[in-house]
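Take a look at the structure below.
Note on naming: letters A, B, ... go to the chains in the order of the sequence lines (proteins, then strands), and numbering restarts at 1 for each one.
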Amino acid sequence: MRNSLILYNTLTRKKELFVPIQPPHVGLYVCGPTVYGDPHLGHARPAITFDLLFRYLTHLGYKVRYVRNITDVGHLENDADEGEDKIAQKARVEQLEPMEVAQYYCDRYHQFMDALNVKRPSIEPRASGHIIEQLQIVKEILDKGFAYEKNGSVYFDVEKYNQKHKYGTLSGRVLDDLLSTTRELEGQTEKRNSFDFALWKKASPTHIMRWPSPYSDGFPGWHLECTAMSTKYLGEQFDIHGGGMDLLFPHHECEIAQSVAAKGKTPARYWMHNNMITINGQKMGKSLGNFITLEEFFTGSHSMLTKAWSPMTIRFFILQAHYRSTVDFSNEALQAAEKGFNRLMDALQQMEKIKPASQSTFDVKEFKEKCYAALDDDLNSPVLIAHLFEGAKIINSAIAGKETFSKNDLEEFRQTMHLFSEDILGLKVESTAESSHPEVLDGVMNLLLSIRQQAKKAKDFATADKIRDELKQLGIELRDAKDKTEWEIKN
RNA sequence: GGUCGGUUGGCCGAGUGGUUAGGCAGCGGUCUGCAAAACCGCGUACGGCGGUUCGAAUCCGCCACCGACCUCCA
């Protein structure tokens, strides 16, 4: 097994060689969606980032258990007493059962992640199905003395925890600073300190989602589910914990505190955080109202979009930036991504036409090594894509007779190109009308092309060009090669 | 205000103490009846000011600007 993957660990702020606790097994936990709204571009980034990690680790031969939760009990709307579960709030607005709402958006999430060719995780646990496990952790933390109960709610005692352990190791925050910088919130009389966080919240009378507990009828605090479910399925300490950078503080910091308080262990050894997506340089966010749903991208139905952008264009666009960089959205950038993606996919298909020669003019082994090296360097997908474009250029040159491959090299080159672009980056040729009725369209095209060929022979270029131009208007592009004319549907 | 990160050619976006990132767009060429596609060539970019160094866009310092987190958010 290749063993040279280096990952940037937020915990140490350094790139580190990835060494699993129990090779060949790898435990990977990623914070999943809160299913109270339609999936948007921001959901795509972590899903694709960790899909790449999942695919690469699997390819390397690791047996990966990938756990990504579904938050269906919702997080607290805020920390105030009248805080309301997000799912419950949405349900009231739409007059639906809370679980109906959660199911609907969960299905939508799956539908769009499938379209983006994101593999399903090994386990997708729901928070609502793990109330017992969460209550168990509340009890453990209370027993250890790192939490206190007040009016039916249970809060994590950060100050007390900080006396024995250190709070803020992941985000680099210092408790004293937090005291002075955290603003005062109304209705926080129950908490001893503003930075304490809820482990269990007593439900207000209007709160629909509630479960019985020794403390009150209520619901779990907003960091607890990840601790409960990662512990249950991956153990008290596992390999990699991932999520968006916005979750670094307080969410992941609190997860660490909960695990250390309850189990005495930092839950994960490697913490990975994908950066945000920006629109016109500004973060995309619910509160900012500038987020674009995936459905709007795929159909083009948003005022900021000049046209529809396909799932693979979105995936390619995201992979063209390193996961720790912000990626700024614009129609121009997507246009460039779309064209580049098509060029790569075209080359991949053209590759089948290459005929083996006696000798190779291209070093396939070195090429393959470069591709691995890119991913080994903290999943550098943009560099990998740059290499794949070099591969595309070689393919096209080989078809033009400028490069040659021996039989063995050709086979290895084909495998390498497919491995990295399809199996690992998860890119694929998107189906078009061509694939739904292939025979019919082929027949029609062959007819048109033979008429055009006759016209060309007779030097009737007006007719030949008319066919080409009008097909172009329909979205079919012709390319005259030496002995035949190729055609392709563009969008 | 505190903490962290960023500022790369027309656009997007990697990377690095001295050697071509890559894609898109543009320009010139080859090919073509003309195109398209493809291939070849071109642009010589790293926020500002100092410092370290034989040499910095890459290291250090200061400044400017932008952003993220500190409140639900991927």
Review point. So which nucleotide from B/C11, B/A35, B/G15 ends up closest to the side chain of A/Asp480?
Key: B/A35
Exercise for review: Step through the shown structure and confirm whether more than 12 heavy atoms of other residues, nucleotides or ligands are within 6.0 Å of CD on A/Gln473.
Suggested key: no
Review point. Nearest of B/C4, B/C73, B/A21 to any side-chain atom of A/Arg13?
Key: B/C4
Check your understanding: Looking only at side-chain N and O atoms, does A/Asn274 come under 4.0 Å of OP1 or OP2 in B/A74?
Key -> no
Exercise for review: Please check the phosphate of B/C70 (OP1 and OP2 only) for any side-chain N or O of A/Ser171 closer than 4.0 Å.
Suggested key: no
Exercise for review: Taking only the side-chain heavy atoms of A/Phe249 (C-beta and beyond), determine which of B/G33, B/A14, B/C69 contains the nearest atom.
Suggested key: B/C69
Review point. Taking the side chain of A/Arg452 as its heavy atoms from C-beta onward, which of B/A37, B/C34, B/G13 lies nearest to it?
Key: B/C34
Review point. If we take the P atom in both B/G5 and B/C24, what is their distance in whole Å?
Key: 34 Å
Practice item. Take atom NZ of A/Lys119 as the centre, draw a 6.0 Å sphere, and report whether it contains more than 12 heavy atoms from other residues, nucleotides or ligands. Key: no
**Study point:** Minimum-distance nucleotide (side-chain atoms of A/Phe317 versus B/C12, B/A74, B/A14)
**Key:** B/C12
Practice item. May I ask you to establish whether A/Arg45 and A/Tyr323 are in a cation-pi arrangement, using a distance under 6.0 Å from NZ or CZ to the six-membered ring centre and at most 45° from the ring axis? Key: no
Exercise for review: Identify which nucleotide among B/A14, B/C70, B/G33 has an atom closest to any side-chain atom of A/Pro250, counting heavy atoms from C-beta outward.
Suggested key: B/C70
Exercise for review: May I ask you to verify if any side-chain N or O of A/Asn275 is less than 4.0 angstrom from the OP1 or OP2 atom of B/A68?
Suggested key: no
**Study point:** Given B/A37, B/G13, B/C39, the nucleotide with the shortest approach to the side chain of A/Glu477
**Key:** B/A37
**Study point:** Atom P, compared across B/G22 and B/G43: separation rounded to whole Å
**Key:** 12 Å
Revision key, fill the gap. Of the candidates B/A14, B/C39, B/A74, the side chain of A/Val383 sits closest to B/A14
